[in-house]
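Here's the structure, in structure tokens; my notes come after.
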Amino acid sequence: MSAQAPVQPRRVENLHTDKGKVPVYATGVVDQHWEGYAAEDHATWATLFERQRKLLVGRACSAFLEAQDAMGMTPDRIPKYDDLNRVLEPATGWRLVGVEGLLPELDFFEHLANRRFPVTWWIRRPDQIDYIEEPDLFHDLFGHVPLLMDPVFADYMAAYGRGGVKAHAIGPDALQNLTRLYWYTVEFGLIREAGGLRIYGSGIVSSSGESVHALESPAPNRIGFDLERIMRTRYRIDTYQKTYFVIDDFEQLMAATAPDFTPIYARLAEQPSIPAGAVLGTDVVHQRGSGEGWAADGDV
Ligand code: PHE
Ligand code: CO
């Protein structure tokens, strides 16, 4: 148990300037400062938790739902990292650490490589219940942490961290390729289960709108996982995804990402990126999206 830090950590959010939003990075690990949460913070957690759990039964993959129960996450109050760590560490060696906001890329990778998952200590304000730009405690804890209980997914996340340290040393293009992989798996991945497609991506499970959209909307493409295809696919962070990629199981993800990416990065540097909504002749298409409601102003 860490002693309670006397000073409340900072709440680091994006800067809103007349040139648009600028992400602000914060390094360092902070105490969760659990005693400092207001009743309003616990109420926000409760509202979000109850709404998402109702939506996610039958939509999230079984590993996610079972792990959330096993960890003892409940709606009544924001969980304490120390309590979750007592379950998580013996299970897969992962440990939660508190952070103030977005981490610089290399810091983030080094945490993951060492099986430390950075969790934003603060939760969104009531006026941000339905949408917030930055990852907050609800996204990080409710969305990311449960699957760290799954042994295969836990290994994937640590391998991703080591891969990130490596890609960071290779250069910005390699890093962009790797970041797209994270985006389309860890954040927005779908998985095939006996009952049909299910969600495992944290960006989906922590969003009420996208939890329904990702599975039920006719608008997006749903395409079989393909490593190099994903690494070339652009995305945008401020709309629902135009394309979701589907894995068969976490073993497939682990096996596909096991090879050394260095020659893959070199090969991809010669190829153009793929727009977020494109469907290629080589794709295994579960569903071709109607494109309904897609933003017309492009993607990154
Ligand atoms: N195999 C990758 C590499 O050599 C590392 C990695 C593993 C990346 C798992 C992502 C996920 O860079
Ligand atoms: Co996230």
Side-chain angles (χ1 to χ4, degrees), residues 14 23 25 48 52 60 64 94 96-97 99 101-103 105-124 131-148 150-189 199-207 210-211 214 225-232 235-238 241 245 247 249-269:
N14 292 344
Y25 297 92
L48 289 166
Q52 283 314 100
F64 176 89
W94 277 83
L96 312 182
V97 294
V99 291
L102 278 182
L103 292 173
E105 268 157 342
L106 190 55
D107 294 61
F108 179 63
F109 294 141
E110 279 169 349
H111 279 303
L112 297 186
N114 291 289
R115 294 191 183 241
R116 293 185 302 261
F117 194 80
V119 178
T120 306
W121 75 272
W122 53 268
I123 195 161
R124 67 193 71 183
Y131 182 73
I132 177 168
E133 288 160 20
E134 303 92 343
D136 72 332
L137 178 142
F138 185 74
H139 168 77
D140 289 341
L141 204 52
F142 182 98
H144 282 281
V145 169
L147 281 183
L148 296 175
D150 182 277
V152 179
F153 193 83
D155 286 350
Y156 174 69
M157 290 293 283
Y160 179 86
R162 294 191 296 274
V165 173
K166 196 168 85 179
H168 188 268
I170 295 173
D173 290 351
L175 212 48
Q176 184 174 57
N177 292 147
L178 190 70
T179 302
R180 289 177 182 146
L181 174 65
Y182 190 88
W183 189 261
Y184 283 117
T185 60
V186 177
E187 293 291 355
F188 290 96
I199 305 161
Y200 74 93
S202 314
I204 310 177
V205 295
S206 62
S207 155
E210 198 146 5
S211 292
F225 177 89
D226 174 340
L227 179 68
E228 294 189 30
R229 196 294 190 200
I230 288 175
M231 287 176 139
R232 292 173 55 204
Y235 61 85
R236 51 188 285 174
I237 65 168
D238 60 342
Q241 300 305 303
F245 291 93
I247 60 170
D249 46 39
F250 295 135
E251 283 81 4
Q252 177 195 16
L253 196 53
M254 204 57 204
T257 53
D260 181 6
F261 285 3
T262 311
I264 300 180
Y265 295 140
R267 188 156 67 237
L268 293 183

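Order of listing sets the numbers, starting from 1, for every ligand and every atom in it. What's counted below: heavy atoms across the whole structure, side chains too, no hydrogens, waters or symmetry copies.
You'll find the side chain of Thr185 reaches within 4.5 Å of the side chain of Phe225, heavy atoms only. Within the 4.5 Å cutoff, the side chain of Tyr182 has heavy atoms near those of the Met157 side chain.
For the side chain to side chain contact (heavy atoms under 4.5 Å, CB included) with Phe188, the lone residue among Tyr235, Trp183, Tyr200 that qualifies is Trp183.
Across all non-hydrogen atoms, the minimal contact from Asp136 to Trp122 is CB-O, 3.6 Å. The minimum heavy-atom distance linking Ala174 with Ile170 is given by the pair CB-CG2, 3.8 Å. Looking at every heavy atom in both residues, Ser206 comes nearest to His139 through OG-ND1, 2.9 Å.
In this structure, ligand 1 sits under 4.0 Å from heavy atoms belonging to Tyr156, Ala159, Tyr160, Gly163, Lys166, Leu178, Leu181, Thr257, Ala258, Pro259, Asp260, Phe261.
Angle NE2(His139) to the Co ion (ligand 2) to NE2(His144), rounded to 10°: 90°.
In terms of the salt bridge (Lys or Arg N to Asp or Glu O under 4.0 Å) criterion, Glu105 has no residue partners (sequence neighbours excluded).
Checked against the Co ion (ligand 2), the N, O or S atom of Glu187 at the shortest distance is OE2.
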